[in-house]
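Atoms within each ligand, like the ligands themselves, are counted from 1 in listed order. Along the sequence shown, residues are numbered consecutively beginning with 1.
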Amino acid sequence: MKPSPFTYHDPHSLDEALALLNQYGEEARIIAGGQSLVAMMNLRLAQPDHLIDINNIPVLNGIECQDRLLQIGALTSHQDILQSELVRQSCPILTNAAAHIGHYAIRQRGTIGGSLSHADPAAEWPMIAILLDGEMEIAQLSGEKRTLGARDFIQSIYTTDLAPEEILTKISFPCLEENEGWAFKPFARRRGDYFIVAVAACLTLDQSGRIKRLRLCLGGMEATAIRLDEIEQGSIAHLPDENWIREVAKAACNEGNPVDDHNADVEYRRELVEILVTDALQDAFKGTQRG
Ligand SMILES: Cc1cc2nc3c(=O)[nH]c(=O)nc-3n(C[C@H](O)[C@H](O)[C@H](O)COP(=O)(O)OP(=O)(O)OC[C@H]3O[C@@H](n4cnc5c(N)ncnc54)[C@H](O)[C@@H]3O)c2cc1C
């Protein structure tokens, strides 16, 4: 399959790219890694008249950490995140999640901003952004920027709050606390496939060993990843023992309105959640005991 004809643009600054987006509006699409967009164009699911390549805008690329906030440029590749020592030190759940994205070639080209803008419900970055309450920085032609939390940015399957003339420029994640336990548990039939169901958890304990904060997120159940707010709140001050893990896993598997598709039916997805939550909380608890 071949894409329908388009005009290619190669801006060298953010302002230039924003001006092109403003000029061509809904007829234009940004291309970052092209790992999702090119497939959609070849299948004629996307037929942009103008393709705006953001790969020559260096300001969109890079990883830094300031005031315990990890800031990742939208154009940063999955592989660069996977290999970053800064990420591994400050937010290791990102390193682990990056390792599960597709295969080496896809990780080399695909970008975190492209993944978040594409908003596939079975993709790693949208789920991790929702787990960690990541913040999206969005640039507009006026020179203004707006910032949105992940839960507001990702609205539904392949749907975000981005307007056609906006560019996602940066994603910020709070660094994990010292001794914060974490786990990311995707289930896929083959290594490198999109997950069918995934569970991600972060756990911190207070000095008496009781739960100070739990963050728990399910992916692959609904159109977007879901945070289990009630379970998180209800877990505060609990002892993180096997009973608690069992109760949380039982409660989590009844959450949400799971999709029923060719990958898995509702019952199978719920069974997976129970198993993966158990596994994730056991690992997260072990992580709190390190050091
Ligand atoms: C075989 C295969 C297997 C894969 N497996 C996985 C997997 O297991 N897990 C996973 O998470 N992903 C997987 N992917 C997807 C991959 O991670 C893509 O890289 C990602 O979804 C899109 O990123 P991209 O940079 O390639 O974006 P592109 O394909 O270039 O763009 C995707 C969309 O985002 C828009 N966009 C891109 N950047 C921006 C920006 N900065 N601001 C505004 N809009 C923007 C584009 O206009 C387009 O609509 C797989 C892809 C393939 C081909």
#### Entry: CZ on R29 to CG on D49, rounded to 0.5 Å
12.0 Å
### Query
For ligand 1, which part of L162 has a heavy atom less than 4.0 Å away: the side chain, the backbone, both, or neither?
side chain
### Query
Should A188 be listed as contacting ligand 1, given a heavy-atom distance under 4.0 Å as the test?
no
### Query
Among the heavy atoms of M40, does any lie under 4.0 Å from an atom of ligand 1?
no
### Message
Can a side-chain donor-acceptor contact be found between D53 and N55 if the only test is distance below 3.5 angstrom?
### Response
yes
### Query
Purely on distance, is any nitrogen or oxygen of A122 under 3.5 Å from one on ligand 1?
no
### Message
Under the criterion side-chain contact (heavy atoms from CB on, under 4.5 Å), I'd like the reasoning laid out for T7 against Y24: C-alpha separation, chi angles, the key distance, then a yes or no.
### Response
CA-CA 11 Å; T7 306; Y24 296 115; over 6 Å; no
### Message
Determine whether L21 and L141 satisfy the following criterion, side-chain contact (heavy atoms from CB on, under 4.5 Å), listing intermediate values before the conclusion.
### Response
CA-CA 9 Å; L21 278 180; L141 181 67; over 6 Å; no
#### Entry: Residue-ligand contact D193/ligand 1, heavy atom below 4.0 Å
yes
### OG1-CD distance between T169 and Q140, expressed to the nearest 0.5 angstrom
10.0 Å
### Message
With heavy-atom distances below 4.5 Å as the criterion, would you say the side chains of T111 and N61 are in contact?
### Response
no
### Query
Do ligand 1 and R29 have nitrogen or oxygen atoms that lie under 3.5 Å from each other?
yes
### Query
Below 4.0 Å from any atom of ligand 1, is there a heavy atom belonging to G34?
yes
### Query
Out of S77, G110, G73, S36, whose heavy atom is nearest to atom 20 (C) of ligand 1?
S36
### Task
Could you tell me if any non-hydrogen atom of H100 lies under 4.0 Å from any atom of ligand 1?
yes
### Closest approach of E222 to P121 (non-hydrogen atoms, all atoms of both residues)
O-CB, 3.7 Å
### Within-shell test, L116 vs ligand 1, heavy atom, strictly < 4.0 Å
no
